[in-house]
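Okay, so here's the structure we're looking at.
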Protein chains: 4
Amino acid sequence: MGGVSKLLFKSLNIDPEKEDRIVNAALKVFSQNGYQKASTNAIVKEAKISKGLLFHYFKSKKDLYLSLSEQLSDLFLEKIYERVDWEESDIFCVLRQIVLLKFELFKVYPEMTDFLNAVYQETDSEVAGEINRKKEKLIAESFRKLFANIDVNKFKESVDVQKSIKIIHWTFEGMGRRNQERYKEVPVDQLDKEEILSEIDAYIHILKQSFYK
Amino acid sequence: MGGVSKLLFKSLNIDPEKEDRIVNAALKVFSQNGYQKASTNAIVKEAKISKGLLFHYFKSKKDLYLSLSEQLSDLFLEKIYERVDWEESDIFCVLRQIVLLKFELFKVYPEMTDFLNAVYQETDSEVAGEINRKKEKLIAESFRKLFANIDVNKFKESVDVQKSIKIIHWTFEGMGRRNQERYKEVPVDQLDKEEILSEIDAYIHILKQSFYK
Amino acid sequence: MGGVSKLLFKSLNIDPEKEDRIVNAALKVFSQNGYQKASTNAIVKEAKISKGLLFHYFKSKKDLYLSLSEQLSDLFLEKIYERVDWEESDIFCVLRQIVLLKFELFKVYPEMTDFLNAVYQETDSEVAGEINRKKEKLIAESFRKLFANIDVNKFKESVDVQKSIKIIHWTFEGMGRRNQERYKEVPVDQLDKEEILSEIDAYIHILKQSFYK
Amino acid sequence: MGGVSKLLFKSLNIDPEKEDRIVNAALKVFSQNGYQKASTNAIVKEAKISKGLLFHYFKSKKDLYLSLSEQLSDLFLEKIYERVDWEESDIFCVLRQIVLLKFELFKVYPEMTDFLNAVYQETDSEVAGEINRKKEKLIAESFRKLFANIDVNKFKESVDVQKSIKIIHWTFEGMGRRNQERYKEVPVDQLDKEEILSEIDAYIHILKQSFYK
DNA sequence: TATGAATGAGCTTTCATTCAT
DNA sequence: TATGAATGAAAGCTCATTCAT
């Protein structure tokens, strides 16, 4: 890891190794405890910095949390955007690529992935509002990007394309949640990627039969 | 509401009217704040009882939270079980019935519904584990019940029935989440039930076309 | 002292001896340090109670400070009101009585007096506003009371009575401040009351010559 | 303003424009918050200098505060001294001149005046002692100067001159405090100088009648 | 001169829980 | 059953001051 954080807060001219410690400590403590229960004490202890320094860089716990969420969401999206082939006109191909990419990112940046998962489930009223606003914008944007080049003609004339796409989307979400649940305890590098992919392909097969000409 | 709580903790033989106050206060405070941020002070104030009494009935905040979750989950399931026609062999009919029933329950017991929704999104490490274990058991059980009488012969021979059922399930989940999001701010009694049902029926139509003979 | 505090917060049914400790600790710490610098830590340590208890009785440091100010101002006024002969029509007699009374109160309740002096000099923006509002009301009220029975006919026709009264008032204030300054370090019971009074009488003599017929 | 500060700390040979920024920032922050609550962070931010630089010039917050008080008190006195006609033998003429001058200084240097007012009301134990010692010295000195040329023969033989002068002094102080209170919210340039002066003259008239032959 | 990162003790306040009554 | 006084650890955050550069 490491590579994640080093670029995050270059605006604060801070010793990169120390930034790394702070970011990783925060990721760890926030993902394990959620926003409210995560204690700045735990973060500074883990990061081996003083109380004051944390609040020198981030004006509040909320600021730290939201900054991290934002920076990491952006980083995550960036990584996805730059490697997905957006010219592809088959929605299943695009979604399959994204699944693969999340896989890769999860391998390389497990803390980031854990943290972002926690962020998007956060319910604490102090931050959930802001998080949700960003989440919606992000989803809307990726949807636009995702379907910009989709070839609608591949769908049967008899089906409602919008609704079909919703079903496809929910199916991919469902598979994602299910795998996360299923492999929660499995270390990243022992995940059987092939097995997971072959299951996804099975679902893709069913959905194509249902909705494609 | 009232009707919900009166039967919940008969083992403690509390004055039913007081139990009612406690349960409603706890539901309100927990759903508005989440487990961690909810304060026992706020609960006793709302319930107009003393601090000591709360801890006389429930040995800790965690106990109160988990007891409530358990009792209300059970109550919820009970209500569903007793009114769904489990002899029905068409999975869509059963799911449609459940959607309708949730609707009814939401109207009659809005606090309970809010609370249970909050419970199943709770991420606090102190309770999430226990909650998740129960949730899984509950889902597994209802799945068994749900599919006990399903007539598999209605499905096309060419499709994988298990996977099709998953897709159906995820689609219903997806619709549920979407509606919740969409009608978050709308008071229960102003929801346009017909509109929602007609959308559900449209999805059922698509899924039937895809998976049924 | 003790006698001061025992009646202050009877609404909180608190052990009177403990209330006494809290009130005296707060008076001491607040008068020695001013509002801002006074630390609740110092107060609870001095009062030998736990941190939590202070905030059980008073919802904030500000609440504690303002409650004390209010209760003690009232107590102070009460003591003055009940012992000054308000039927007296000579303004100098009334003012002389008040000076004497302050003297007595200062002897009996030195902490209270110190505290109230500190309160009415407080400049901290968090409390000064509220304090000033009360101070003005209090001054207005005592002025009304003070001059209700004053016989204006005692004044020379040639002088502006309102302005004369102002001068008298400022002179008494000035003497008060001066004596406070002068005897700051002198223990209460060693103050030479006769000396102070004879000086006051000298001033009264001058003012009478100036303004009375 | 500007003009005030440029000469204050030449011993430190700072860039005058920077000194200006520091002095004005400190005046602003100290007068708005009092000694204790004023934060050096706020000062350096307002002055657009670094934390370290402030502590390079002033060895502590206390040093900064006391230096400013001292320099500005001196400056204030200097301005008064150089423009009052100390040959004048009528005490009322001299006092009237001083009132007018304070008026002028308040117009030209509002921050300085605010700051000095705040300084002489400061109660914080860390600085109040030192401030008071200076204040007393200053008052004693100005008294000496003030009464050096006063013609005692103007007073009636029958009155105690020392005490009369005290009354005069307290009356001027009282008027000052009252006007400050009364015109607290009024911008400097909208003060009705004539009105204030005519009131002062009315008091002077009364006092002359009382004490002068 | 000038910077601002770094410190850590200190602050007020909250909280679940206990216990004498 | 029922009360609410009492606890004290822990929370987020501030602050004057120092120091390597």
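Values reported hereafter were calculated over all heavy atoms of this structure, with side chains retained and with hydrogens, waters and symmetry mates removed. Throughout, protein chains are lettered first and strands after them, A, B, ... in sequence-line order, and every chain is numbered starting at 1.
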Using a 4.0 Å heavy-atom cut-off across all strands, classify B:K18 as base, sugar-phosphate, or nothing. sugar-phosphate

Over all strands shown, is D:F58 touching base, sugar-phosphate only, or nothing at heavy-atom distances under 4.0 angstrom? nothing

Rounded to whole Å, how long is the line connecting atom [atom1] of [X] with atom [atom2] of [N]?
| X | N | atom1 | atom2 | answer |
| --- | --- | --- | --- | --- |
| B:E17 | F:dT1 | CD | P | 14 Å |
| C:I22 | F:dA6 | CD1 | C1' | 11 Å |
| B:Y65 | E:dA16 | OH | P | 14 Å |
| A:K45 | E:dT7 | NZ | P | 16 Å |
| B:E19 | F:dT1 | CD | P | 12 Å |
| C:I43 | E:dC11 | CD1 | P | 11 Å |

Output yes when D:E111 and D:K28 qualify as a salt bridge under the 4.0 Å nitrogen-oxygen rule, no when they do not. no

Taking 4.0 Å as the cut-off, does a side-chain nitrogen or oxygen of A:Y57 come that near to OP1 or OP2 on E:dG4? no

Residue pairs involving residues 61-70 of chain D (criterion salt bridge (charged side-chain N to carboxylate O under 4.0 Å, His left out); sequence neighbours excluded): D:E70-D:K134

Please list all pairs passing the ring pair (Phe, Tyr, Trp, His ring centres under 6.0 Å) test where one or both residues lie in residues 15-48 of chain C, with sequence neighbours left out. C:F30-C:Y65, C:Y35-C:Y65

Going by heavy atoms in the side chains, are [X] and [Y] under 4.5 Å from each other?
| X | Y | value |
| --- | --- | --- |
| C:I43 | C:I49 | no |
| D:S69 | D:Y120 | no |
| B:N132 | B:K135 | yes |

Go nucleotide by nucleotide along DNA chain E from the 5' end; which of A:I49 and C:A42 gets its closest nucleotide reached first? A:I49

Stem list for DNA chain E, please, built from Watson-Crick and G-U wobble pairs under 3.5 Å and keeping only runs of at least 3. E:2-21 with F:2-21

When you match B:H56 and C:S50 each to their closest nucleotide on DNA chain F, which lands nearer the 5' end? B:H56

Here the side-chain hydrogen bond (donor to acceptor under 3.5 Å, both in side chains) pairs for residues 48-59 of chain D, sequence neighbours left out, are D:N41-D:K51

side-chain contact (heavy atoms from CB on, under 4.5 Å) against B:K37, all qualifying residues, sequence neighbours excluded: A:Q36, A:D124, A:S125, A:E126, B:N33

Base contacts versus sugar-phosphate-only contacts with protein, heavy atoms under 4.0 Å: please encode nucleotides 15-21 of chain F as B, S and - from 5' to 3'. BBBBB--

Distance in Å, C:T40 OG1 paired with C:L54 CG, rounded so as to fall on 0.5 Å steps: 6.5 Å

